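Computed from a prediction, not measured in an experiment: that's the story for all the values here.
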Amino acid sequence: MRYPLIRSDGLVAWLLSGALAGQVGALVFGLAMWELDDLDSVASVARADDSFLIAVPVHLAIAAVVGAGFGALVWHQRSGTGETLLWGLTYGALWWFIGPLTLRPLLEGNALGWDVPSAQAAFAPFLGHLLYGAATGLALLALRRQRLRWPTIGALTRAAIAGLIALSIVGALLSAQDRLHLFPAMSPDAQNGLAWLATLAIGGISGIAFALLVPRPSESAGAGLIRGAMYGFLLWTALNRTILPLIAGDGLTWSANEARADFAALFAYLLFGGALGLAYQWLDSAWRNLLADDVGNDDEEGPGTRGLRAIGRGAIAGVVGGLIFTYVMVEIRGLDDVADIVRADSEAAGLAVHFLIAVIWGVTYGLFFRRQTYDRGSAIGWGVSYGFFVWVLGPNTLMPILLGSTPDWTADSAAGLTASLVGHLAYGAALGITFHHFEAQHSPWWMPYRVAAAARVAQRREQVLTSAPALWALVVIVGLTLPVLLSTAAPAD
């Protein structure tokens, strides 16, 4: 039997474990700050002249306090690797807002850094806080020696296949833009079989790593999609901006200017992760449903009936979301662009196509997220997350293809769609709430209403214990940081 290094499960033990885990995160963050020659920023908080002698203990002390807070945050949460890692990423991102943008300017006697130029200047610490949170979460698991679930060989195989599928999709999109070099081993001067084999290997390895974080998908396809997209964001941070540049001898590419110049890689990794999570979920579900003896049905309603109900509810919810999105479309004069899809030139045609698209995305949401929202909070969380992913996939990717062009994953192109991002987030929120309203009204005929309601309450409590709330918050944070990358007035490095 394995015992935690700190043999207690009380709050004090978790605070101490978090403080120790924070030192591991501090080591990762500190090495990055050393590489960027930015230790002076820590010393300036303590108003010290000798940067190194003061920066190190101040950095470790701050990391211990923040790590203790993380231990308290995840005290009663699920202790899976993927769950804790997501909480760590979100926690680190939140401390970027609290620390470099708020507390540090105040301690230095300056104004709050709640503006785009200040956020751009602090973009490197943003990536550092993300890695601090990830390292702290993994270290906390090691200190507590939690009993982890490990994927089976079959699950690892399915995840590797899902990684290859996702990579082929994103590779095709990048190839159409002549940007294959943005993915590992796809450099412009190395377009040969060996480079492609290396890239495919990385796709398979990324899938296997995802399976280690999520040993067995137990949620809906939609949850897998969003979870995968945020896994792609982690890959963009750790792989694209950190590990690969270090291997190439370029140092950390953590500035806003460098990230903006390489903006297409962000979309590529988001879509790669989303496709990976969705393919992994579907392959796992197909395996269990086709080959397993017990597929886990817990009701009398067949999958066909559930699917038809989800399609109907999703279509209605899509119309409601489309109504809200219409105001944005009118303000940005986007109906004419939508009408171009059917080669029409009237706003009426654009409005009809707009609602058709809203219904299609609504039906997709219904099929992906059915029986996944148990209250309005989770409905908004999944809806907004879905709206953000649709913004990446829709106007930035599919829309140019439907208009006979190729996707343009540049910062300038995405900057012109910032208003559309707001509209998609509002659309997702309305879509999620409306779909939840109709789904919550359904009471299975084979059980009393009170029994069904009690089951929903239990499922809601169970969901709160997972990383779902952290996932929703992380999606919103990623959306809020996009303007930092999109702005053309990036500060000099």
Side-chain angles (χ1 to χ4, degrees), residues 1-34 39 41-43 45-46 48 52-100 102-104 106-107 125-150 212-213 215 234 237-238 461-462 464-471 473-474 477:
M1 182 176 180
R2 303 180 67 189
Y3 293 97
L5 297 181
I6 301 176
R7 299 187 181 186
S8 173
D9 201 39
L11 177 59
V12 174
W14 278 88
L15 289 173
L16 181 57
S17 298
L20 293 176
Q23 302 307 296
V24 178
L27 177 62
V28 174
F29 197 178
L31 290 175
M33 294 173 68
W34 179 275
L39 285 176
S41 63
V42 178
V45 175
F52 182 79
L53 294 179
I54 297 299
V56 172
V58 169
H59 179 65
L60 293 177
I62 294 174
V65 173
V66 176
F70 180 70
L73 176 66
V74 298
W75 178 24
H76 288 303
Q77 296 300 128
R78 289 281 184 82
S79 58
T81 306
E83 307 285 350
T84 308
L85 181 62
L86 272 172
W87 277 110
L89 285 171
T90 306
Y91 187 71
L94 288 173
W95 267 100
W96 177 68
F97 288 100
I98 297 172
T102 305
L103 294 181
R104 177 183 164 186
L106 291 178
L107 292 175
F126 172 68
L127 299 183
H129 277 79
L130 288 173
L131 294 184
Y132 165 83
T136 300
L138 295 178
L140 181 62
L141 285 176
L143 286 171
R144 299 300 304 176
R145 292 189 178 179
Q146 299 294 326
R147 187 179 299 275
L148 304 178
R149 295 177 59 189
W150 295 97
L212 293 174
L213 298 178
L234 172 61
T237 302
R461 292 174 178 172
E462 184 72 11
V464 171
L465 294 177
T466 68
S467 60
L471 190 61
L474 185 59
I477 291 171

Discussion item. Donor-acceptor pair, distance only, cut-off 3.5 Å: does the side chain of Thr102 make one with the backbone of Phe97?
Written reply: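 It does hold such a pair.
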
Worksheet item: Is the side chain of Gln23 donor-acceptor paired with the backbone N or O of Ala63 at a distance under 3.5 Å, no angle test?
Response: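 Checking the backbone N and O of Ala63 against the side chain of Gln23, no donor-acceptor pair under 3.5 Å is found.
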
Considering only distance and modelled atom types, tabulate donor-acceptor pairs under 3.5 Å from the side chains of residues 133-142, sequence neighbours left out.
| unit_1 | atom_1 | unit_2 | atom_2 | d |
| --- | --- | --- | --- | --- |
| Thr136 | OG1 | Tyr132 | O | 2.7 |

Would you list the atom pairs, donor with acceptor, under 3.5 Å between side chains in residues 65-72 and any protein atom, with sequence neighbours excluded?
none

Measure the shortest side-chain to side-chain distance between [X] and [Y] over non-hydrogen atoms and say whether it is less than 4.5 angstrom.
| X | Y | value |
| --- | --- | --- |
| Val74 | Trp14 | yes |
| Trp150 | Pro215 | no |
| His129 | Pro100 | yes |

Item to complete: Taking all non-hydrogen atoms of both residues into account, name the closest pair between Tyr91 and Leu73 and its distance.
Response: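 Residues Tyr91 and Leu73, closest heavy atoms: CD1-CD2, 3.8 Å.
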
Practice prompt. Show your working on side-chain contact (heavy atoms from CB on, under 4.5 Å) between Thr81 and Leu212 and close with a plain yes or no.
Written response: CA-CA 8 Å; Thr81 306; Leu212 293 174; over 6 Å; no

My understanding is that only residues two or more places apart in sequence, or in another chain, count here; which of them pass side-chain contact (heavy atoms from CB on, under 4.5 Å) with [X]?
| X | result |
| --- | --- |
| Pro469 | Trp87, Trp472 |
| Leu471 | Leu86, Ile226, Arg227, Met230, Trp382 |
| Leu103 | Trp95, Ile98 |
| Leu131 | Val28, Thr237, Ala238, Thr242, Trp254 |

Worksheet item: Between atom CG of Leu85 and atom OG1 of Thr90, what is the distance when rounded to the nearest 0.5 Å?
Response: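 Spacing of CG (Leu85) from OG1 (Thr90) equals 9.5 Å.
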
Discussion item. So, taking the atom named CG in Leu94 and the one named CG in Leu89, what distance separates them when rounded to the nearest 0.5 Å?
Written reply: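 Taking CG in Leu94 and CG in Leu89, the distance rounds to 11.0 Å.
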
